[in-house]
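Data first, discussion second: the structure below is written as C-alpha cells.
Start at 1 with the first residue, then count along the sequence. Nothing here was measured: the structure is a model prediction, and the numbers come from that model.
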Amino acid sequence: GSSLLTGPEGLMAKERENLKRLKCLRRYRQRYGVEALLHRQLRERRVLATDGAAQQAHTTRSSQRCLAFVDDVRCSNQSLPMTRHCLTHICQDTNQTLFKPCQGSEEVPCNKPVPVSLSEEPCCPLHLRLPPQMYVPEQGLAVPQELGAAPSELYLSAAELQPSESLPLEFSD
C-alpha cells in the first residue's frame, strides 16, 4: 500500500487521498509512546489486583472441577462460575458470602448450602418454617333438620318427568 502512494503512475489523486484516509483510520485508536507504556502498566496492575493468575488458572480444563475432597477422593462435579467449588461443597470456601449451610432441625441436622437471602437463618426447602396459618376453616357446617329430613315425595322419578299432553315440551324440562 505505501508504494502505491509514492508513484504518480499507480493511482489517481482521489484514490491516493482515500488510501491515506484509510491508513489514518487504521491506527486512529492505537496508543503510542508514553501513553502506550502507561496503558500497559495499568492493565498489568488491574490483572494483579483482581488476582488474574487465579482467573487464568480457572479457565483450564482441570481447574473447572471442584477442589473439595470427600473420603480422600476429589469431587468430580463441575465448579460454579468464578469459584473453585461445586454447589454441594461451596460452603468450604471461606471467602464466599453467597451461601450458608442450612441449620436443619433439632432431630435432623442439615448442612446443605442455601443461598443467603433477606432472612437471618436461611433454610433448605425441607427445613423451611412456614408462617402460621392465617385462615382457620370452620369445624363443620350445621345442616338444619328440616333440610336433612326432606320427604322423598318432593322428588320426581324419571318416568314422571316425561312430557304429557297437558304440558308443552319446553315446560317439561
Distance in Å, [X] [atom1] paired with [Y] [atom2], rounded so as to fall on 0.5 Å steps:
X	Y	atom1	atom2	result
T83	L67	OG1	CG	9.0 Å
F99	D93	CZ	CG	11.0 Å
Q96	C91	CD	SG	5.5 Å
H127	E107	NE2	CD	8.5 Å
Q78	C66	CD	SG	11.0 Å
Q92	C75	CD	SG	9.0 Å

Ion pair E44/R40, N-O distance below 4.0 Å: yes
Y32 and Q30: side chain donor to acceptor below 3.5 Å: yes
Linked, directly or transitively: L80 and L98 (ILVMFWY side chains, under 4.5 Å):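 Looking at the clustering, L98 is in the same group as L80.
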Test item: V114 and K100 side chains (from C-beta on) under 4.5 Å apart, heavy atoms: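 They are not in contact (no side-chain heavy atoms under 4.5 Å apart), so the answer is no.
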Closest approach of P101 to N111 (non-hydrogen atoms, all atoms of both residues): CB-O, 4.1 Å
Test side-chain contact (heavy atoms from CB on, under 4.5 Å) applied to V70 and H89, step by step: CA-CA 10 Å; V70 179; H89 300 115; 3.4 Å; yes
CD (Q103) with more than 12 external heavy atoms under 6.0 Å: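 No, CD of Q103 has 12 or fewer neighbouring heavy atoms, counting only those of other groups under 6.0 Å.
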Worked check of side-chain contact (heavy atoms from CB on, under 4.5 Å) between L37 and Q41: CA-CA 6 Å; L37 178 68; Q41 288 175 352; 4.0 Å; yes
